[in-house]
Amino acid sequence: MKKVIAIDGPSGAGKSTVSREVAKALGFQYLDTGALYRAVAYYLLKKFNHINDFLSLNEQEIEKEIKNIKIHYKNGRVFLSDEDVSDLIRDPKVGEITSQISMLKVVRDFLLPIQRNFAKEANIVAEGRDMTTVVFPDAWKKFYLDASTEIRAKRRFEQLIKSGKNITFEEALKDVIERDKKDSLREISPLRISSDAFYIDTSELTLQEVVSIVLKKVAEDA
Ligand code: DC
């Protein structure tokens with residue numbers, strides 16, 4: 001296994017921007033595991049009229065559907081077969097379905113080897129909800145990024161508005177609260193702070209300051 005910098009935290013804590021910048025500074029590959037979960041959700045959303053049509057299948061059928069998914073990830077872009085779905089998966093509707101399907105063991109089991117394979121080929125900065133605990137428990141460095149609920153909702157709101165989505169701050173806040181609940185209360189691989197992860201509260205920091213803290217910590221312990 002190559003070097004893995006594992007970064008976990010709730011949505012809106014700044015993981016994507018920080019991970020991308022840290023990867024760039026160190027010459028590591030960036031792995032956005034949320035994009036993989038989102039791509040699975042997008043695939044299912046396109047295939048089934050309603051997500052309940054998928055969720056009501058029996059276990060074998062669900063497994064068969066998931067196994068058929070041809071997912072690829074390269075240089076921060078995610079593909080279903082040959083289609084680049086990186087922008088399409090950012091739709092809030094896809095995010096909502098993602099938090100539902102990421103609770104399924106069959107989905108997590110499907111994505112586990114795909115995520116681990118990246119660390120066989122290159123040094124990576126991997127971000128998600130269970131990088132430090134389940135996917136890369138022996139990671140070279142571990143970080144947990146956090147921020148207050150309001151700040152995370154504000155960041156999500158601004159990000160969605162910037163990308164042309166029609167959303168109010170209240171909707172963004174509700175979305176963040178709901179997502180937190182689902183991510184941390186689920187039975188399999190819930191979001192939790194690993195005891196050996198370096199905790200950073202990013203509420204009062206700029207993302208550039210967080211990048212500097214991470215890089216300093218990595219250099220200190222290297
Ligand atoms: O980081 P994100 O917002 O793109 O993640 C989308 C959803 O995927 C979120 O509800 C949590 C889930 N997820 C997960 O369960 N495990 C991961 N390693 C990454 C994301």
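Ligands are counted one by one from 1 in listed order, and the atoms in each one are counted from 1 as well.
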Partners of Tyr144 by ring-ring contact (aromatic ring centres under 6.0 Å, His included), sequence neighbours excluded? Tyr199

When you compare the side chain of Asp175 with that of Arg156, does any pair of heavy atoms fall below 4.5 Å? yes

Should the pair Lys2-Glu121 be classified as a salt bridge under the 4.0 Å nitrogen-to-oxygen rule? no

Please identify which of these residues, Val218, Ile5, Val22, Ile124, meets the side-chain contact (heavy atoms from CB on, under 4.5 Å) condition with Phe28. Ile5

Kindly say whether Asn58 contributes a backbone atom to a donor-acceptor pair with the side chain of Glu61 at under 3.5 angstrom? yes

Might you list the protein residues in contact with ligand 1, defined as having a heavy atom under 4.0 Å from one of its atoms, sorted by chain and number? Thr33, Gly34, Tyr37, Arg38, Arg90, Thr98, Ser99, Ser102, Arg108, Gly128, Arg129, Asp130, Met131, Arg156, Arg179, Asp183, Arg186

Can Glu127 and Ser16 be counted as having a side-chain donor-acceptor contact under 3.5 angstrom? yes

